[in-house]
Novice: 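One structure follows; several queries about it will come next.
Lettering of chains follows the sequences in order, A, B, ..., and the numbering in each one begins at 1.
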Amino acid sequence: MSAPDFFRGEVFDVAPRLLGWRIVSEVEGELTEVELNEVEAYNQDDPASHSYRGPRPGNEVMFGLAGLLYVYRSYGIHWCANVVCGPDGFGAAVLMRGGTAVTGHEVMMRRRGRVARLAQGPGNLAQAMAITGEHNGLDLFDPHSPVRLESANRLVPHLATPRIGISKATDRLWRFVPQA
DNA sequence: GAGCCGATATTCT
DNA sequence: GAATATCGGCTCC
């Protein structure tokens with residue numbers, strides 16, 4: 001199983017099409033599903049991207065095949081999950097910044113220690129679904145993978161806004177959220 | 001609800 | 001030594 005063809009296109013075209021998709025996690029034998037409502041695009045020709053300075057230990061996955069999961073540590077504390085995009089050897093990915101819980105509310109509440117905003121925010125999303133650095137590089141379209149993506153089969157009307165928490169290339173409107 | 005702040009790993013200067 | 005694709009707890013409205 002491999003990613004749909006459009007994942008190999010421009011990352012800023014792929015990102016908005018992921019709104020409404022579901023991430024499915026079966027880590028630790030517990031099922032959780034989240035429907036994406038916030039994503040950001042990061043391109044190789046993009047000073048704000050980890051891939052901007054080329055492949056190096058820790059970001060190689062971003063240069064791999066479209067449809068792989070790229071996980072990195074943020075601020076030394078949080079894990080953040082991305083979907084690799086573009087052709088093989090090109091460093092681009094979509095950061096999954098947040099979504100709404102669909103399945104496994106109890107599991108997510110336990111992992112998060114709260115009942116609200118279970119999967120809103122990239123660090124929170126990863127924590128709720130128990131996604132960590134050990135999942136870096138796995139195939140999101142392999143039915144046997146513990147973390148997978150499921151198509152929404154629809155295009156969600158969306159807005160393009162500035163990305164969060166970056167200081168470079170802030171003029172690129174590559175954060176996508178459903179239109180109000 | 002807004003604003004400050006500390007925690008902490010990795011990379012870059 | 002500084003910066004970072006963050007968060008939650010705290011204060012003070």
Novice: To the nearest angstrom, how far is A:Q127 atom CD from C:dA5 atom P?
Specialist: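 It is 20 Å, rounded to the nearest whole Å.
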Novice: Let me know the distance between CH2 of A:W174 and P of C:dA5, rounded to the nearest Å.
Specialist: 15 Å
Novice: Rounded to whole angstrom units, what separation is found between the CG atom of A:L118 and the P atom of C:dG8?
Specialist: 10 Å
Novice: Let's test this: given Watson-Crick or G-U wobble pairing with both distances under 3.5 Å, identify the partner of B:dT8.
Specialist: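 Because no pair has both required distances under 3.5 Å, B:dT8 counts as unpaired.
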Novice: Write down the distance separating the P atoms in B:dT13 and C:dA5, rounded off to the nearest Å.
Specialist: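 So the two P atoms sit 13 Å from each other.
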Novice: Please classify the nucleic acid contact of A:R73 as base, sugar-phosphate, or nothing, using heavy-atom distances under 4.0 Å.
Specialist: sugar-phosphate
Novice: Judged by each residue's nearest nucleotide on DNA chain C, which is more toward the 5′ side, A:G165 or A:R112?
Specialist: A:G165
Novice: Using a cut-off of 4.0 Å on non-hydrogen atoms, how would the nucleic acid contact of A:M96 be classed: base, sugar-phosphate, or nothing?
Specialist: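 A:M96: no heavy atom of the nucleic acid under 4.0 Å.
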Novice: Using a 4.0 Å heavy-atom cut-off, does A:N124 contact any base of the nucleic acid, only the sugar-phosphate backbone, or nothing at all?
Specialist: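 Contact class for A:N124: sugar-phosphate only.
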Novice: Heavy atoms from C-beta onward define the side chain here; which of C:dA5, B:dC12, C:dC7 lies closest to that of A:P122?
Specialist: C:dC7
Novice: Whole-Å distance between B:dA7 P and A:I77 CD1?
Specialist: 9 Å
Novice: In whole angstrom, give the distance that lies between atom OH of A:Y75 and atom C1' of C:dA5.
Specialist: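 Whole-Å distance recorded here is 7 Å.
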Novice: To the nearest Å, give me how far apart CG (A:L125) and C1' (C:dC7) are.
Specialist: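 Interatomic distance, CG of A:L125 to C1' of C:dC7: 14 Å.
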Novice: Above 12 or not: heavy atoms from other molecules or residues under 6.0 Å from CZ of A:F90?
Specialist: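 Above 12, so yes.
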Novice: Heavy atoms only, 4.0 Å cut-off, all strands: where does A:R175 land among base, sugar-phosphate and nothing?
Specialist: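 No contact.
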Novice: Below the 4.0 Å mark, does C:dT4 have OP1 or OP2 next to a side-chain nitrogen or oxygen of A:S167?
Specialist: yes
Novice: Select base, sugar-phosphate, or nothing to describe what A:P57 touches, counting heavy atoms under 4.0 Å on all strands.
Specialist: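 If one applies the 4.0 Å heavy-atom cut-off, A:P57 turns out to touch the sugar-phosphate alone, with no base involved.
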Novice: Let me know the distance between CD of A:E38 and C1' of C:dA5, rounded to the nearest Å.
Specialist: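 My rounded result for the distance is 11 Å.
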Novice: Check whether any side-chain nitrogen or oxygen of A:R172 sits under 4.0 Å from OP1 or OP2 of C:dA5, and answer yes or no.
Specialist: no
Novice: Determine, answering yes or no, if A:Y72 is stacked on C:dA5 under the 5.5 Å centre rule and the 30° plane rule.
Specialist: no
Novice: Rounded to whole angstroms, how far apart are CZ on A:R97 and P on C:dC7?
Specialist: 7 Å
Novice: Using the six-membered ring wherever Trp is involved, compare the ring planes of A:W174 and A:F12 and label them parallel, tilted or perpendicular (cut-offs 30° and 60°).
Specialist: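 Judged by the thresholds at 30° and 60°, the geometry between A:W174 and A:F12 is parallel.
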Novice: Tell me whether A:R117 is salt-bridged to A:E38, with the criterion being a basic N under 4.0 Å from an acidic carboxylate O.
Specialist: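 No, this pair does not count.
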Novice: Select one nucleotide: of C:dC7, C:dA5, B:dC12, the one nearest the side-chain heavy atoms of A:R56.
Specialist: B:dC12
Novice: Calculate, to the nearest 0.5 Å, the distance between atoms OG and CD belonging to A:S51 and A:E60 respectively.
Specialist: 12.5 Å
Novice: Could you work out the separation of B:dC5 and C:dC13 based on their P atoms and round it to a whole Å?
Specialist: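 The answer is 15 Å between these two P atoms.
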Novice: What residue among A:L138, A:L69, A:N136 forms side-chain contact (heavy atoms from CB on, under 4.5 Å) with A:V61?
Specialist: A:N136
Novice: Do A:E40 and A:N82 have side-chain N/O donor and acceptor atoms under 3.5 Å apart?
Specialist: no
Novice: What is the nucleic acid contact for A:I166, judged by heavy atoms within less than 4.0 Å: base, sugar-phosphate only, or nothing?
Specialist: sugar-phosphate
